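To keep things clear, I will list the structure first and then write my remarks on it.
Model, not experiment: these values are computed from the prediction. In the text below, chain A, chain B and the rest are named by the order of the sequence lines, each starting its count at 1.
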There are 2 protein chains.
Amino acid sequence: MNDAVHKTSAEVDPASGGRIRQRNAALILSAAEKVFAASGFNGASMAEIAAAAGLPKANLHYYFGTKEALYRAVLTNIIELWLGETHGITPEADPAEALGAYVRAKMRWSRERPDASRVIANELIHGAAFLTPYLEDDLRRLVDEKSAVIEQWIEAGRIAKLDPRHLFFSLWAMTQTYADFDLQIRAVLGGGPLSDAEYEHATEQVVAFVLRGCGLTPRG
Amino acid sequence: MNDAVHKTSAEVDPASGGRIRQRNAALILSAAEKVFAASGFNGASMAEIAAAAGLPKANLHYYFGTKEALYRAVLTNIIELWLGETHGITPEADPAEALGAYVRAKMRWSRERPDASRVIANELIHGAAFLTPYLEDDLRRLVDEKSAVIEQWIEAGRIAKLDPRHLFFSLWAMTQTYADFDLQIRAVLGGGPLSDAEYEHATEQVVAFVLRGCGLTPRG
DNA sequence: GTCTATATCGAGATAGAC
DNA sequence: GTCTATCTCGATATAGAC
């Protein structure tokens, strides 16, 4: 009768269900994000993810079905965070304050979720098969909106004349490079992981550069 | 007797040897760059590279031995191009001219060799196992040198006060994003590949942003 | 020097015991 | 619901014919 209501365990949303299920699904997702970030989709093995999660390999298939489904789940978890943090960019806002806050938020995200950033970067480099819908719908719409705001700032003479879309490309690139290409940065700065103070310094450098680049600070 | 002089074919430098060898090696390297860029090291298969090169699979192993050796050969071909183009940055040069030329050169490289850029990006994201020596030696030395030049510009009041190393991180990120994350850019701009005119526009936007960010242009 | 046919190995997926 | 043992397939690499 109500067969349509029944699903096999593998098809159930891993986020719902009992406490054990939720805990294990979270463990797996966290481990998967790390391993996919480090090795890419193809390079990552289910065995490696299972080991990182401290669970037997078969559990991953039990919870998520296939490797691809697990990967999609990881991406879904990341995307909203990746798109967010533009709410401060409004026509009424002070441009320097709004853009500064945006850059700081992106730098914080690179610091706190480098693996998430790397998963996205990897996906973009390799064709974004799973990401394209978000790019062409959500991201494009978001950038259209925020670009309109910046156009208003330009017309009001509150910011330098520039193409807002390319400004966003630069902002994303400058901030995400601290997550994605961390290794390059560490090699050049000649050491291990950046300390909090060093990262704070990096953030201030990027903010200052961006604000000057937008004509928002007195020349030094 | 002189066995030491003899090498198996697979061990011979593929760049040397007869005309056919050189032509085939070049075909393979070019195809490999494209496939590695699109799929990453693990995602790329020797069969796919062979098909792209129009040669039988066994030839790749005949010329380069292993998949890893082929990958190293691709990287080696790219690295010097990747490091180059900083020669304009000298104490005597005009900062705006030198930095503008550097940004334009990096933008040109993203336009003309996007696959090369993506191979490097992929390598950096995933641990840079093969690249680390270059990062810690050549790149670090290069950045040290050029940072000293920029420090001199700062002391002479010819450019805004900023941390030169973080400036380089930003310059690399802003320019390489047009190769590495091309898909994102196309989705936001709402179309297919950028035309020459669109790419020229992008280049001018980045150059203007960088020069303003360095305090090198009158405020707009 | 070149390519077909094959050996070998590792990874995703699953059956079935518990 | 959970995990061990196994199946199956695809990819690298190579042996050996031409």
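- For Arg21(A) and dG1(D), the CZ to C1' distance is 9 Å, given to the nearest whole Å.
- In this structure, Asn59(B) reaches the dC3(C) phosphate: one of its side-chain N or O atoms is under 4.0 Å from OP1 or OP2.
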With the sugar-phosphate defined as primed atoms, P, OP1 and OP2, and the base as all remaining atoms, what B/S/- string results for nucleotides 11-18 of chain D, 5' to 3', for protein heavy atoms under 4.0 Å? -BBB----
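- A donor-acceptor pair is defined here as one N or O able to donate and one able to accept, closer than 3.5 Å; no such pair exists between the side chain of Lys106(B) and the backbone of Glu85(B).
- Under 4.0 Å is where a charged nitrogen must lie from a carboxylate oxygen, and between Glu136(B) and Arg186(A) no such pair does.
- In terms of heavy atoms, Ala73(A) sits closest to Leu29(A) at CB-CD2, 3.7 Å.
- Per the geometry, CD belonging to Glu48(A) stands 15 Å off P belonging to dG10(C), to the nearest Å.
- When rounded to the nearest whole Å, the span between CG of Leu60(A) and P of dG1(D) equals 16 Å.
- Leu27(B) places its CG atom 12 Å from the P atom of dT2(C), with the value rounded to the nearest Å.
- Counting non-hydrogen atoms under 4.0 angstrom, Leu55(A) reaches nothing in the nucleic acid.
- Judged purely by atom type and a 3.5 angstrom limit, Lys146(B) uses its side chain to pair as donor or acceptor with the backbone of Ile89(B).
- For the pair Ile49(A) CD1 and dA13(C) P, the interatomic distance rounds to 11 Å; values are reported in whole Å.
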If you look only at distance, which donor and acceptor atoms sit under 3.5 Å apart when one is on a side chain in residues 111-120 of chain B and the other is two or more places apart or in another chain?
unit_1    : atom_1 : unit_2    : atom_2 : d
Arg111(B) : NH1    : Leu194(B) : O      : 3.1
Arg111(B) : NH2    : Leu194(B) : O      : 3.1
Arg111(B) : NH2    : Asp196(B) : OD1    : 2.8
Arg113(B) : NH2    : Glu33(B)  : OE1    : 2.8
Arg113(B) : NH2    : Glu33(B)  : OE2    : 3.4
Ser117(B) : OG     : Asp180(B) : OD1    : 2.8
Arg118(B) : NH1    : Ala179(B) : O      : 2.7

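- Closest approach of Tyr102(B) to Thr86(B), counting heavy atoms only: CE1-CG2, 3.6 Å.
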